[in-house]
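Both backbone and side-chain heavy atoms feed into the values below; hydrogens, waters and symmetry mates do not.
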Amino acid sequence: MRAYRHVALVLIALLGAALIIFPLAAGLPKKTQAVDDLTNAFRPAFTPQAIEQSRTDLATMNQMLEQLQAETLPGLAQQAGIPTPSLINLMGTTTPEVGKGLKEIPTIMPRFNKLAGTMDAQAGNFRQADDIPTADAPNTAVTYLYLIPGIVLLVVGAGGLLFSFVGSRAVVSTVCLVIAAVVGLGMVVGTLATDVIGKTKASEKMFTAFRPTFTDAGYKQAHDDLDTLGKMAVGMKTRSIPSMAALLRKPVPQFTAELATQYPKVGKGLAETDRILAKFNALVENIGANIDTFDKADSIPNKDTEVSVMPWLLLGPGAAVFLLAGVALVIQFTGRSSGSTDPNAGAPRQPSGAAV
């Protein structure tokens, strides 16, 4: 009975030490701070309202560009009495940024549609990841979910073992085992009650989806695409539209109004392009500024291990501590109830009146 109690206390102390060493060796303080920095930076973009607005803005851009190429340019070419390719070449000559934009739209827009689609698909996973460990606690608290139980278990394991060896009363080691059992049970119940298992799985899906985006190459491509669209929009408003108005011998305000009436999707897009591109530019620059932060956050617990393993590194030790302490307590109390507490039990009794 006593030997098992000693073994249990040793193992509990070792598990406590492991819970202290693991988060520090894995660099969890810095990595969990990176998670908080990342979620704080992108939380506004992942609200349901922001996702819906992004979906609407992207639809506006897509519809404008589709109508521009399918209807507006052919219609304007017909009014000018020239073939559509000739009009496009003319626009490219007089306004190179417009020609470049028209040429690259078929490859640029699918990339932005993919980015917006990824954000839409991962919004739920982002919000779950943002709730680790709970909605009210920052992700940096994860480190202390290992450190605090680890310190308690190391103290009660080593302390109980020490008092047991120095011949102190067994009640001290019993109290230590009870404390260890409570801590172990708390680790198990807390992990399950906060659904950290589901949240870390959602987090892993989100990181997997965004890894190609949060790279230097991914950022540069998105930045260049936005630059092309932005210059194209400016060129359209400041040079192409006035040139087309002159070609058709119409005042610019009249031509612009007719354009918006005949091609409402183009008119709406031109009116909202500055706001939409500014919004997406802010998002892309935010991505570029957080590449290193994403990389740190994506390395929990390390580069080769998925973050979804983290809850099991609490559940496993918690269950082990609870079982070790629980079995030791059962054996201890079972042994006491089946044996005598009198140290002289079983010794021959002295005859009455005999000298002691």
Does the side-chain contact (heavy atoms from CB on, under 4.5 Å) test come out yes or no for Val182 and Phe322, once each step is laid out?
CA-CA 7 Å; Val182 171; Phe322 178 72; over 6 Å; no
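At a threshold of 4.0 Å, the pair Lys237-Asp274 counts as salt-bridged, since one of the basic side-chain nitrogens sits closer than that to a carboxylate oxygen. Using a 4.0 Å cut-off between a side-chain N of Lys or Arg and a carboxylate O of Asp or Glu, Asp57 and Arg275 qualify as a salt bridge. Salt bridge status for Asp295 with Lys303: present, with a side-chain N to carboxylate O gap under 4.0 Å. Using a cutoff of 4.0 Å between basic side-chain nitrogens and carboxylate oxygens, Asp216 and Lys220 are not scored as salt-bridged. Lys201 has no carboxylate O lying under 4.0 Å from a charged side-chain N of Glu204, or vice versa, which leaves the two without a salt bridge. A salt bridge between Asp227 and Lys231 is present, with a side-chain N of the basic residue lying under 4.0 Å from a carboxylate O of the acidic one.
In this structure, Ser173 and Arg5 have side chains that are in contact, with non-hydrogen atoms separated by less than 4.5 Å. Within the 4.5 Å cutoff, the side chain of Leu76 has heavy atoms near those of the Phe255 side chain. Within the 4.5 Å cutoff, no side-chain heavy atoms of Pro133 are placed close to those of Thr194. You'll find the side chain of Val142 stays beyond 4.5 Å of the side chain of Ile300, heavy atoms only.
For the residue pair Gln128 and Ser203, no side-chain donor N or O sits within less than 3.5 Å of a side-chain acceptor on the partner.
Evaluation of the salt bridge (Lys or Arg N to Asp or Glu O under 4.0 Å) rule for Glu285 yields no partner, not counting sequence neighbours.
With rounding to the nearest 0.5 angstrom, the CD atom of Gln53 is 10.5 Å from the CD atom of Gln49. Interatomic distance, OG1 of Thr72 versus CE of Met244, reported as 10.5 Å (0.5 Å rounding). Rounded to the nearest 0.5 angstrom, Met187 CE and Ile148 CD1 are separated by 11.5 Å. Considering CZ of Phe46 and CZ of Arg127, their distance stands at 9.0 Å, rounded to 0.5 Å.
Annotation for Tyr144: atom OH does not count as buried by contact number, only 12 or fewer foreign heavy atoms lying within 6.0 Å.
The closest donor-acceptor contact from the side chain of Asn113 to the backbone of Met109 lies under 3.5 Å.
Checked against the 6.0 Å centroid threshold, Phe22 and Tyr146 count as a close aromatic pair. In this structure, the ring of Phe294 has its center less than 6.0 angstrom from the ring center of Phe207.
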